[in-house]
Amino acid sequence: MPELPEVETIKRGLNRQIVGKKIKSLWTDHPKMLEIVDPPSTKTPITPKKLQARIKNTIITRVLRRAKNLLIEISNANPSKTRALAQTLWVHLKMTGHLLYKPQNPAPRQKKAFTRDKYNRYIHLILHFTDHSRLAFSDLRKFGRLRLIPAPAAKITNNPARFGLGPLGPEPLKSGFTPQNLAQLLKNSKKPLKTLLMDQKIISGIGNIYASEILFQAGLSPKIKAANLNPAQIKKLHSSIKDILKRAVNLRGTSISDYRDSSGQKGCFGRSLAVYKRAGKRCKKCANIIKSIKQGQRSTFYCAYCQK
């Protein structure tokens with residue numbers, strides 16, 4: 001599943017590519033992926049025809065991210081003016097989804113990514129814009145969802161539970177996420193540290209890939225109880241969370257298999273992975289063998305020598 005760095009990468013790309021564009025039409029061969037929240041927190045299916053009627057001729061005003069959720073704000077007003085009429089297209093990529101911006105005349109490198117990369121061919125939804133460009137949703141397993149929410153994107157990020165996104169913890173890359181804040185989140189928790197890091201109600205956006213990498217860099221065992229960390233360990237964990245996520249964003253995420261950015265390109269952080277998917281291989285730091293265990297039905301990768 002795309003995690004914070006992948007979703008943040010797509011968000012940044014879309015802000016460059018689709019803001020200011022007017023929606024002409026919508027196409028899908030998988031209507032089950034469409035939903036509407038109206039009134040807030042009551043989600044129901046919506047037909048492609050009805051959704052198109054609600055969003056036709058609206059303008060993309062901005063794209064935000066909250067945890068692993070993309071929020072594409074649309075408005076009937078000019079994007080430089082009031083957002084009083086703003087609504088939001090909520091997108092969750094689930095296991096194998098990604099969004100692809102296709103200009104009318106793509107550059108040769110981008111055209112090659114669309115035509116030769118099989119993971120960019122599982123198109124199940126397209127937003128057509130009036131300038132003949134389009135935004136496509138490619139999703140191998142078809143678990144992804146697009147939902148219309150009648151509220152501005154910022155309002156949804158501030159109160160995600162009210163709009164059907166569920167309770168979400170703080171954003172780890174925000175300035176307000178401090179070692180002291182992290183200590184409060186860990187306090188009294190009986191969960192193993194790796195499991196806690198992946199709990200979206202506690203910290204937003206961290207999944208299996210980055211939890212393993214964060215703990216390796218911090219030198220902490222994934223099995224240690226979260227509440228048992230001392231102040232020095234909490235400080236080191238906080239630093240590793242910030243560092244790993246920032247580096248992954250700078251490298252446009254991790255493409256283990258199907259993830260691609262909004263231009264159809266692979267992320268590059270996979271070259272930096274220290275433990276994830278490296279069970280049976282030698283640790284890059286100490287040369288001992290990387291181990292794998294199951295935690296919460298997910299595979300955890302770690303070095304028992306480097307992580308205590």
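Values in this document were obtained by computation on a predicted structure and should not be read as measured data. Positions are given from 1 along the sequence. Scope of the values below: all heavy atoms of this structure, side chains included, with no hydrogens, waters or symmetry mates.
- Side-chain atoms of Asp243 never come within 3.5 Å of backbone atoms of Ser239 as a donor-acceptor pair (strictly under, hydrogens ignored).
- Counted by atom type alone, Ser204 and Arg66 present one or more donor-acceptor pairs between their side chains at under 3.5 Å.
- Heavy atoms only, all atoms of each residue included: Ile234 and Ala183 are closest at CD1-CB, 3.9 Å.
- Ile156 places none of its side-chain heavy atoms less than 4.5 Å from the side chain of Asn69.
- Inspection of the Thr96 and Asp258 side chains reveals no N or O donor paired with an N or O acceptor under 3.5 Å.
- Listed here is the closest heavy atom pair of Ile55 and Ile23: O-CB, 3.7 Å.
- With hydrogens and angles ignored, the 3.5 Å screen pairs a side-chain donor or acceptor of Ser255 with a backbone N or O of Gly267.
- When each of Leu186, Leu185, Ile206 is paired with Leu196, the side-chain contact (heavy atoms from CB on, under 4.5 Å) condition holds for Leu186 and for no other.
- Put simply, CG on Leu168 and NZ on Lys68 are 10.5 Å apart, with the number rounded to the nearest 0.5 Å.
- Under the 4.5 Å side-chain heavy-atom criterion for Ile, Leu, Val, Met, Phe, Trp and Tyr, Ile256 and Ile290 are members of the same hydrophobic cluster.
- When the side chain to side chain donor-acceptor pair (under 3.5 Å) test is applied to Lys194, the partners found at least two apart in sequence or on another chain are Asn208, Thr300.
- For His238 and Phe177, the gap between ring centers is short of 6.0 Å.
- Each of Ile18, Val91, Ile10, Leu99 was checked for a side-chain contact (heavy atoms from CB on, under 4.5 Å) with Val63, and the lone residue meeting it is Ile18.
- Across all their heavy atoms, Pro103 and Ser133 have their closest contact at CA-CB, 3.9 Å.
- Using a distance-only test at 3.5 Å, with no hydrogens or angles considered, no donor-acceptor pair links the side chain of Gln200 to the main chain of Gly169.
- For the side-chain hydrogen bond (donor to acceptor under 3.5 Å, both in side chains) with Gln217, the qualifying choice from Gln307, Lys285, Arg247 is Arg247, the only one to do so.
- Nearest heavy-atom pair, Ala161 versus Pro167, reported as atom, atom and distance to 0.1 Å: CB-N, 4.0 Å.
- Seen from the ring of Tyr305, Lys308 counts as a face-on cation partner, given the 6.0 Å and 45° thresholds.
- Side-chain contact between Gln87 and Leu148 is present, with heavy atoms from C-beta onward closer than 4.5 Å.
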Gln295 vs Met198, test: side chain to side chain contact (heavy atoms under 4.5 Å, CB included). Steps then yes/no. CA-CA 11 Å; Gln295 290 183 298; Met198 293 177 60; over 6 Å; no

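- The shortest side-chain heavy-atom distance between Trp90 and Arg145 falls under the 4.5 Å cut-off.
- Within a 6.0 Å radius of NZ in Lys242, more than 12 heavy atoms belonging to other residues, nucleotides or ligands are found.
- Taking 4.5 Å as the limit, every side-chain heavy atom of Ile289 sits out of range of all side-chain heavy atoms of Cys283.
- The closest side-chain donor-acceptor pair between Asp131 and Gln104, if any, does not fall under 3.5 angstrom.
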Before giving the answer on side chain to side chain contact (heavy atoms under 4.5 Å, CB included), spell out for Leu173 and Leu4 the whole-Å C-alpha distance, their side-chain angles and the decisive distance to 0.1 Å. CA-CA 10 Å; Leu173 291 182; Leu4 186 156; 3.8 Å; yes

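- Counting heavy atoms from C-beta on, the side chains of Leu220 and Leu229 come closer than 4.5 Å.
- Summarising the geometry, atom CD belonging to Glu213 is positioned 9.0 Å from atom CZ belonging to Arg278; distances are rounded to the nearest 0.5 Å.
- Within 6.0 Å of atom NZ in Lys284, more than 12 heavy atoms from other residues, nucleotides or ligands are found, so the atom counts as buried in its surroundings.
- Put simply, the side chain of Thr195 never gets that close to the backbone of Lys191: no donor and acceptor are under 3.5 Å apart.
- Looking at Ile123 and Phe137, their side chains never come closer than 4.5 Å, going by heavy atoms from C-beta outward.
- Linking ILVMFWY residues whenever their side-chain heavy atoms come closer than 4.5 Å, directly or via other members, leaves Tyr122 and Leu26 in distinct clusters.
- A side-chain donor-acceptor contact under 3.5 Å links Thr61 and Glu73.
- For Val275 against Phe301, the heavy-atom pair with the smallest separation is O-CB, 3.1 Å.
- Between Tyr259 and the options Leu93, Thr254, Thr9, a side-chain contact (heavy atoms from CB on, under 4.5 Å) holds for only Thr9.
- Here Thr157 contributes atom OG1 and Leu165 contributes atom CG; the two are 9.5 Å apart, rounded to the nearest 0.5 Å.
- At least one side-chain heavy atom of Asn15 sits less than 4.5 Å from a side-chain heavy atom of Lys11.
- Salt bridge status for Glu6 with Arg252: absent, with no side-chain N to carboxylate O gap under 4.0 Å.
- Judged by distance alone, the side chain of Arg162 and the main-chain N or O of Gly164 form no donor-acceptor pair under 3.5 Å.
- At distances below 3.5 Å, not a single donor-acceptor pair connects side-chain atoms of Gln184 with backbone N or O atoms of Asn181.
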Apply side chain to side chain contact (heavy atoms under 4.5 Å, CB included) to residues Leu89 and Arg147 and explain how you reach the verdict. CA-CA 6 Å; Leu89 292 171; Arg147 182 185 301 161; over 6 Å; no

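- For the atom pair CG of Leu125 and OG of Ser138, the computed distance is 11.0 Å after rounding to the nearest 0.5 Å.
- Using modelled atom types, one finds no donor on one side chain facing an acceptor on the other under 3.5 Å when comparing His124 with Asp139.
- No hydrogens or angles considered: nothing links the side chains of Lys266 and Tyr119 as a donor-acceptor pair under 3.5 Å.
- Contact record, Phe163 with Lys155: CE1-O, 3.8 Å, taken as the closest heavy-atom pair.
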Going through the distances and angles, do Tyr302 and Lys223 end up as a side chain to side chain contact (heavy atoms under 4.5 Å, CB included)? CA-CA 10 Å; Tyr302 72 108; Lys223 297 182 284 186; 3.5 Å; yes

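- In this structure, the separation between CG on Leu64 and CG on Leu70 is 9.5 Å, given to the nearest 0.5 Å.
- The distance from atom CG of Leu14 to atom OH of Tyr101, rounded to the nearest 0.5 Å, is 10.0 Å.
- A side-chain N or O of Ser299 and one of Lys294 form a donor-acceptor pair less than 3.5 Å apart.
- Under the 4.5 Å side-chain heavy-atom criterion for grouping Ile, Leu, Val, Met, Phe, Trp and Tyr, Leu140 is not connected to Phe143 through any hydrophobic cluster.
- The closest side-chain heavy-atom distance from Ile241 to Leu182 is below 4.5 Å.
- With Arg282 contributing its side chain and Ala287 its backbone, the two residues share a donor-acceptor pair below 3.5 Å.
- Between the side chains of Ser262 and Gln17, at least one donor N or O sits under 3.5 Å from an acceptor N or O.
- Of the possible donor and acceptor atoms, one in the side chain of Thr28 sits under 3.5 Å from a partner among the backbone N and O of His30.
- Following chains of ILVMFWY side-chain contacts shorter than 4.5 Å, one can reach Phe216 starting from Ile203, so the two form part of one hydrophobic cluster.
- Taking the six-membered ring for Trp and the full ring otherwise, Tyr210 and Phe269 have centroids separated by under 6.0 Å.
- For Arg121 and Asp117, the salt-bridge test fails: no basic side-chain N is under 4.0 Å from an acidic carboxylate O.
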